[in-house]
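None of these values were measured; they are calculated from a predicted model. All ligand and atom numbering here is 1-based and tracks the order in the structure.
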Amino acid sequence: MLDRVLGYARDHRDEYLRDLLEYLAIPSVSAQPDRARDVKMAAMWLSAHLRDLGLRAEVMATAGHPVVYAEWSGHDHHRPTVLIYGHYDVQPAEPFELWHDEPFKPTVRDGYIYARGADDNKGQHLAHVKAVASYLRAEGTLPVNVKFLVEGEEEIGSPNLGEFIAAHRELFACNCVMISDSALFSLTQPVLTYGLRGLAGFEVQVRCLERDVHSGHYGGNVQNPAFALAQILASLKDEQGRITVPGFYDDVRTLGADERAALARIPYGEAEVMRETGALRVFGEPGFTVNERRGARPTLEINGLWSGYTGLGSKTIIPATAHAKITCRLVPHQDPDKVIRLVQDAMRAAAPPGVEITFSDSRGTPASLVSLDAPEIQAAARAAQAAYGNPPFYELEGGSIPVVHDFQTLLGKPIVLLGFGLPGDNIHAPNERFAVACYEKGIEASIRFMAEL
Ligand code: BES
Ligand code: MN
């Protein structure tokens, strides 16, 4: 049966690719209110697609963007049930001018699909859908019961999903959860992720004046908010990259010697960071390796910073306000609310006189660690080895997937984190891409995982 299903997937690769391109053409940017109709369209597209395959599928309302829920179960109730999670929303595509192709006119070039959402996450969860399609169309059945939960708010922090899952707990009864929303090491080296970082963020506004004023007439007599914000922000880290916010590192989980040794065996380091990002040098907290910093150490970053006049030419003003978007990546045992409080307190304390500082849009999600002991993880490891040719690396990832924490507290089932993308896929950046080979290997890995389960 396995060979026939894999063969079916190979024979239908062109059709499976066409379907992904159609899905990618829908600009489902969850962060932008004027895209709300497109977000809904993507949910409708996916649920119609799942229904065509013979699943019971529906678009379910939440307090925000809708959830696509679907299920297939055969008559054998002894089969395990796998809940497959994905997100159909995508990051904003801006700045458009840096794209070589249009982000929502998917283009296949040199073996890569270029489009916003190609890797993160439409290509990855559609690979699971196509695995299910291959079973059902080749054999009329699946070796497991399958449920899909594909949400539309992951890229904005899944603010409504925990509540939604809690309210529909019976729908999500399962033996394990499968999430493909991360990366392989390479096409021949799979990765099973055992930890994800959390996130704590907010926006800050610094105001010194009632309105922008002439920088000649008033300059020298009033505080400049851009300068004040720069001072405040500069106080949060030392020159070496250590965060100086009092208490920031207090709850951070320390790595054991075994874990450090295991992370050290992964051949990923400074050279790879430089090559993938074009960074002029590697910069980070002293005393930790690249892999440790990415997975096991918290960060504090400025994601956006603006004030005054930034258009063409010059404008001699002192701006009234300055703004920044701040997020911290968190590691296990850090509490997002506490971190937000600590950072905001430090910012208030660093503010020079004559400055009004206000915070808004605070939000957070804790980090998570998943247990690697479950038989479902071993099934995923065997499937990955068969699909990619090598046993997986076990890694801590730097990104966040908020639902993982919700699943852990609400379902308490094993969670398999097996990524199908590549590190160079430019997720959240211009020219996001997904290798056609990654899509096809992802379909194969998913088919094999269901067989192994
Ligand atoms: N797919 C990413 C998470 C990810 C990135 C996992 C890199 C592993 C490696 C996901 O779509 C994502 O971007 N999540 C956001 C969540 C945030 C908005 C709460 C993130 O990490 O910024
Ligand atoms: Mn993302």
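Where the criterion is an N or O separation shorter than 3.5 Å, residue side chain and backbone included, D120 meets it with respect to ligand 1. No N or O atom of E397 sits closer than 3.5 Å to an N or O atom of ligand 1.
Distances from atom 5 (C) of ligand 1 to the heavy atoms of I427, N303, V191 put I427 nearest. When the heavy-atom distances from atom 4 (C) of ligand 1 to L396, T327, D181, V404 are ranked, the shortest goes to D181.
Residue contacts with ligand 1 include P402, since one or more of its heavy atoms lies under 4.0 Å from the ligand. Using a non-hydrogen distance threshold of 4.0 Å, R197 does not register as a contact of ligand 1. At least one heavy atom of H87 sits closer than 4.0 Å to an atom of ligand 1. Heavy-atom distances between L199 and ligand 1 reach below 4.0 Å in at least one pair.
Of all the atoms in ligand 1, the ones that sit under 4.0 Å from a non-hydrogen atom of G157 are 18 (C), 19 (C). Close approach of ligand 1 to R329 is summarised as follows: ligand atoms under 4.0 Å from at least one heavy atom of the residue are 20 (C), 21 (O), 22 (O).
Annotation: cation-pi pair R242/Y249 present, NZ/CZ under 6.0 Å from the ring centroid and within 45° of its normal.
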- Task: Any chance you could lay out the salt bridge (Lys or Arg N to Asp or Glu O under 4.0 Å) test for R18 and E15, step after step, and finish with the verdict?
- Result: CA-CA 5 Å; R18 273 197 307 278; E15 176 198 331; 5.5 Å; no
- Message: Let's go through R253 and E259 carefully: what are the C-alpha distance in whole Å and the side-chain angles of both, what is the deciding distance for salt bridge (Lys or Arg N to Asp or Glu O under 4.0 Å) to 0.1 Å, and is it a yes or a no?
- Response: CA-CA 12 Å; R253 179 182 78 109; E259 207 176 348; 2.9 Å; yes
- Task: For salt bridge (Lys or Arg N to Asp or Glu O under 4.0 Å), just list the numbers for E395 and R294, CA-CA rounded to whole Å, side-chain angles, deciding distance to a tenth of an Å, and then say yes or no.
- Result: CA-CA 10 Å; E395 281 194 53; R294 186 186 61 228; 2.6 Å; yes
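The Mn ion (ligand 2) lies closest to atom OD2 when only the N/O/S atoms of D120 are considered. The Mn ion (ligand 2) is closest to atom OE2 of E155 (considering only N, O or S atoms).
E154 lies apart from the Mn ion (ligand 2) in this respect, since none of its N, O or S atoms is found at a distance under 2.8 Å. Counting backbone and side-chain atoms alike, D181 contributes no N/O/S atom closer than 2.8 Å to the Mn ion (ligand 2). At a cut-off of 2.8 Å, H87 is not counted among the residues with an N, O or S atom near the Mn ion (ligand 2).
By the 30° and 60° cut-offs, the orientation of the rings of F393 relative to F185 is perpendicular. Taking the six-membered ring where tryptophan is involved, the planes of W45 and H49 are essentially parallel, since the angle between them stays under 30° and well short of 60°.
Among protein heavy atoms, the minimum distance from atom 18 (C) of ligand 1 is reached at E155 O, 3.6 Å. Looking at atom 3 (C) of ligand 1, its nearest protein heavy atom turns out to be S400 O, 3.4 Å. Residue, atom and distance of the protein heavy atom nearest to atom 10 (C) of ligand 1 are E154 OE2, 3.2 Å.
Residue contacts with ligand 1, taken as heavy atom pairs separated by less than 4.0 Å, involve H428 solely via side-chain atoms from C-beta onward.
A donor-acceptor pair shorter than 3.5 Å can be found between the side chains of D89 and S30. Side-chain contact, E444 with Y388: no donor N or O sits under 3.5 Å from an acceptor N or O.
A salt bridge is absent between R448 and E452: the closest approach of a Lys/Arg side-chain nitrogen to an acidic carboxylate oxygen does not fall below 4.0 angstrom. Salt-bridge formation is not detected for the pair D250/K338: no Lys NZ or Arg NE/NH1/NH2 atom is positioned less than 4.0 Å from an Asp or Glu carboxylate oxygen.
If you look at F172 and H168, their ring centroids are not closer than 6.0 Å.
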